[in-house]
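Every number for a ligand or one of its atoms is a count from 1 in the order of the listing. Here, residue 1 is the first one in the sequence, and each next residue gets the next number.
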Amino acid sequence: ANTRPRHIQESDMSTGTNAKSTASDQGFFAQYGGKYVAEVLRRPLDELEAAFREAMEDKAFLDELDIIRRDYIGRETPLYFAPTATRLLGGAQIYIKLEGLANTGAHKINNAIGQCLLAKRMGKKRIIAETGAGQHGLATAAACAKLGLDCTIYMGEVDVRRQQPNVAAMELYGAKVQAVTSGSRTLKDAVNEAMRDWAAHPDSTHYVLGSALGPAPFPDIVREFQSVIGREVKKQCAERGIKIGAMVACVGGGSNSIGFFEPFINEQEPRLIGAEAGGIGPGVGENASRMTGEAARDGIMQGYKSRFLLDEDGQALPTRSISAGLDYCGIGPQLAALGRSGRVEFTSILDKDALEAVSFFAKNEGILFALESAHAGAAAMKIAKEIPSDQAVIINMSGRGDKDVFITSPVFRPAEWLDFLHAEIERLEGGKDIHDAKSMQK
Ligand SMILES: *Cc1c(COP(=O)(O)O)cnc(C)c1O
């Protein structure tokens, strides 16, 4: 077991190319995946795997999960036909799966609720999670509040400072946000800290990993809980007689995309397309393109083997994207394998094209995409003409864009936004509203 990053040469890879839809006994999808962890984490991971397999066979567990999905998350989410986008793009019929309508505003709640319910079934009272931009922390905090679990979120100190709105929401949900001060004080360090905590408290605590990556069995667990998205799409299309030409999702760690693609992976059709963050360009440090980028390499980091953006020594390179959720140096092992086998195509979307997609769908359809999801929107805009008009392109809108107002407003209306911020500071420093709020709390 080796937890340190190590650069794996291409020639070290096994020759398997088929990415099966579940990991092998050792947690591999063809050449990617595995369980590269310190000895102390082997037992908690093995126990988690056994409990997960049992729960997925337990009707009472699945029924409870279904009711929470229906009444708390708000499933099923709509599959929306976008008539204006279809007309303007001139090709395939454009449909949008509105995951952004899920409670808390994105798909992440599907996984957070599933894992927290599993933890409860295992008798755990305490939940920990890592978060970068705060979206996974927020979903986990909400799930813990709903299910009555104690919750600690590890977040790099730098991220705590930049993502105050999400920190505030996590605290409202009753979670403790633990600022991580080691390393670069960002997501990578938060993951390490959460792993350390879990290794120290495996009996009381479950670690809710936020995407379809990390050591086995996490890629299987996260895909399973997110595959509700794809199953609904398949049913909705069958009911409405929609023929799918292509499905498009954005890819950070890969949880919304693998869940959306899952029921179609072992079929020949439709085309499955993953949109990575192209950032500001193709150069090293300018994007987060793990499948199509110049610095993409095979490697082992944070417990799994996959494609990463690494330097010559196997160290993680800096990444860049306008969307915090796609700004990560690794990709889930199953998607890496599906990319290598050719079943999933990858494309890289520039920040500016994602912003353009945000305005396009807002203006023409009244739907505000999250910046992450707008990468999928932009990829769909590019390929719509390639697909015949009797077929559909389905975009997974993984989240809605309200959360991005601090990023989109300075781009779309910089002067007005600056005025607004100045006025807010004046209002708060004037103290009147703070005073009023304090007297209301009494
Ligand atoms: C976190 C996030 C993503 C990226 O994560 P995946 O695991 O790749 O799905 C995409 N969209 C939204 C809205 C997110 O919050």
Is it true that [Y] and [X] share a donor-acceptor pair across their side chains at a distance under 3.5 Å?
X      : Y      : value
Asn192 : Gln302 : yes
Asn110 : Gln226 : yes
Tyr80  : Glu365 : yes

Do ligand 1 and [X] have nitrogen or oxygen atoms that lie under 3.5 Å from each other?
X      : answer
Gly254 : yes
Lys403 : no
Gln135 : no
Ala106 : no

Best match, [options]: closest heavy atom to [atom]:
atom                    : options                : result
atom 10 (C) of ligand 1 : Glu372, Gln226, His375 : Glu372
atom 15 (O) of ligand 1 : Lys108, Glu99, His136  : Lys108
atom 6 (P) of ligand 1  : Cys250, Ser255, Ala139 : Ser255

Out of all atoms in ligand 1, which are within 4.0 Å of some heavy atom of [X]? Include the element for each.
X      : value
Ser211 : 6 (P), 7 (O)
Gly399 : 13 (C)
Gly252 : 8 (O)
Gly325 : 4 (C)
Asn256 : 6 (P), 8 (O), 9 (O), 10 (C)

Quiz item: Is the Lys NZ or Arg CZ of Lys35 less than 6.0 Å from the centre of Tyr304's six-membered ring, within 45° of the axis?
Solution: no
Regarding [X] and [Y], does a basic nitrogen lie under 4.0 Å from an acidic carboxylate oxygen?
X      : Y      : value
Glu267 : Lys234 : yes
Lys305 : Asp298 : no
Lys235 : Glu232 : no

Exercise. Verify the ring-centre separation between Phe412 and Trp417: is it less than 6.0 angstrom?
Key: no
Quiz item: Which atoms form the tightest heavy-atom contact between Ala336 and Arg307, and what is the distance?
Solution: CB-CG, 3.9 Å
Exercise. Just need the protein heavy atom nearest to atom 11 (N) of ligand 1, so name the residue and atom and give the distance.
Key: Ser398 OG, 2.7 Å
